[in-house]
Engineer: 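Can you keep this structure in mind? I'll have questions shortly.
Position 1 is the first residue of the sequence; numbering continues from there. Side-chain atoms are counted along with the backbone in the values below, which use heavy atoms only and exclude waters and symmetry mates.
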Amino acid sequence: MNKTKIDIISGFLGAGKTSLIKKLLLEELNAEKIVIIENEFGEIGIDGSMLKSTGVQVREISSGCICCTVSGDFSKALKEIKKDYEPDRVIIEPSGVGKLSEIINVIKDKSILAEFRLNMVLTVVDLGKYEIY
């Protein structure tokens, strides 16, 4: 069984995470079967609808911060995605207020690592707003 790659692209709200993902999908990852888990916080559906235009599967979590409900539900969601879509890669875009370490801890669970591998953790920084944060 091929392990599905997991990429986490994080950063503060408005840093450009979704724009980077869209660019990667259009220019670098367009030959792969990809599912995106996108955690909206506040304004619901704006980024998800933008990503859906690229033709990939998008699963939005808008009921709260992904790191607040990250344990069993998130593990279950990953396993369902693997079963239903058989993707080459899952891209996780936590909200700008998500706790990255908790998401990584879920992925490091043995039951997840049996089917997935953590490929990349990337943080997007808007240099124009860096000093503010």
Engineer: When rounded to the nearest 0.5 angstrom, what is the spacing between NZ in Lys83 and NZ in Lys79?
Structural biologist: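 It comes to 12.5 Å.
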Engineer: Would you give the length of the straight line joining atom CG of Asp7 to atom CG of Leu122, rounded to the nearest 0.5 angstrom?
Structural biologist: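 Answer rounded to 0.5 Å: 8.5 Å.
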Engineer: Nearest 0.5 Å, what's the CG-CG distance between Asn2 and Asp88?
Structural biologist: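 Here the rounded value is 8.5 Å.
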Engineer: Between CD1 of Ile8 and CE of Met120, what distance do you get to the nearest 0.5 Å?
Structural biologist: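 Here the interatomic distance stands at 9.5 Å.
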Engineer: For Glu27, enumerate each residue passing the side chain to side chain donor-acceptor pair (under 3.5 Å) test, keeping only those at least two apart in sequence or located in another chain.
Structural biologist: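 Once residues adjacent in sequence are excluded, the partners of Glu27 under the side chain to side chain donor-acceptor pair (under 3.5 Å) criterion are Lys23.
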Engineer: Determine, step by step, whether Val90 and Lys5 satisfy the side chain to side chain contact (heavy atoms under 4.5 Å, CB included) criterion, reporting the C-alpha distance in whole Å, the side-chain angles of both residues, the deciding distance to 0.1 Å, and the verdict.
Structural biologist: CA-CA 6 Å; Val90 174; Lys5 297 175 192 173; over 6 Å; no
Engineer: Hey, does the side chain of Lys17 reach the backbone of Gly11 with a donor-acceptor pair shorter than 3.5 angstrom?
Structural biologist: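 Side chain of Lys17 to backbone of Gly11, a donor-acceptor pair under 3.5 Å: yes, one is there.
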Engineer: With side chain to side chain contact (heavy atoms under 4.5 Å, CB included) as the test, pick out the partner of Ile91 among Ile6, Leu25, Ile37.
Structural biologist: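 Filter result, single survivor: Leu25.
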Engineer: Between Ile107 and Asp109, is the side chain to side chain contact (heavy atoms under 4.5 Å, CB included) condition met? List the steps.
Structural biologist: CA-CA 5 Å; Ile107 294 167; Asp109 184 86; over 6 Å; no
Engineer: When rounded to the nearest 0.5 angstrom, what distance separates CD1 in Ile9 from OG in Ser19?
Structural biologist: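 The CD1 atom of Ile9 sits 11.5 Å away from the OG atom of Ser19.
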Engineer: Can you check whether Ala114's main-chain N or O pairs, donor with acceptor, with Lys3's side chain at less than 3.5 Å?
Structural biologist: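 Checking the backbone N and O of Ala114 against the side chain of Lys3, no donor-acceptor pair under 3.5 Å is found.
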Engineer: Can you see whether Glu93 engages Thr18 through a side-chain donor-acceptor pair at a distance of less than 3.5 angstrom?
Structural biologist: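 Distance-only check passes for Glu93 and Thr18.
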Engineer: Could you measure the distance from the NZ atom of Lys33 to the OH atom of Tyr85? Nearest 0.5 Å is fine.
Structural biologist: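 It is 9.5 Å, given to the nearest 0.5 Å.
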Engineer: Check Pro94 against Ile103 and note the closest heavy-atom contact, atom names and distance.
Structural biologist: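 In terms of heavy atoms, the two residues are closest at CB-CD1, 3.6 Å.
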Engineer: How close do Ala15 and Val124 get, counting heavy atoms only, and between which atoms?
Structural biologist: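 Reported closest heavy-atom pair: O-CG1, 3.4 Å.
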Engineer: Determine, step by step, whether Glu80 and Leu78 satisfy the side chain to side chain contact (heavy atoms under 4.5 Å, CB included) criterion, reporting the C-alpha distance in whole Å, the side-chain angles of both residues, the deciding distance to 0.1 Å, and the verdict.
Structural biologist: CA-CA 5 Å; Glu80 286 175 6; Leu78 281 172; over 6 Å; no
Engineer: Salt bridge check, Arg89 against Glu32: does any charged N sit closer than 4.0 Å to a carboxylate O?
Structural biologist: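 Looking at Glu32 and Arg89, the cut-off is met.
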Engineer: Would you check if the side chain of Thr4 reaches a backbone N or O of Pro87 as a donor-acceptor pair within less than 3.5 Å?
Structural biologist: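 Side chain of Thr4 to backbone of Pro87: a pair is present.
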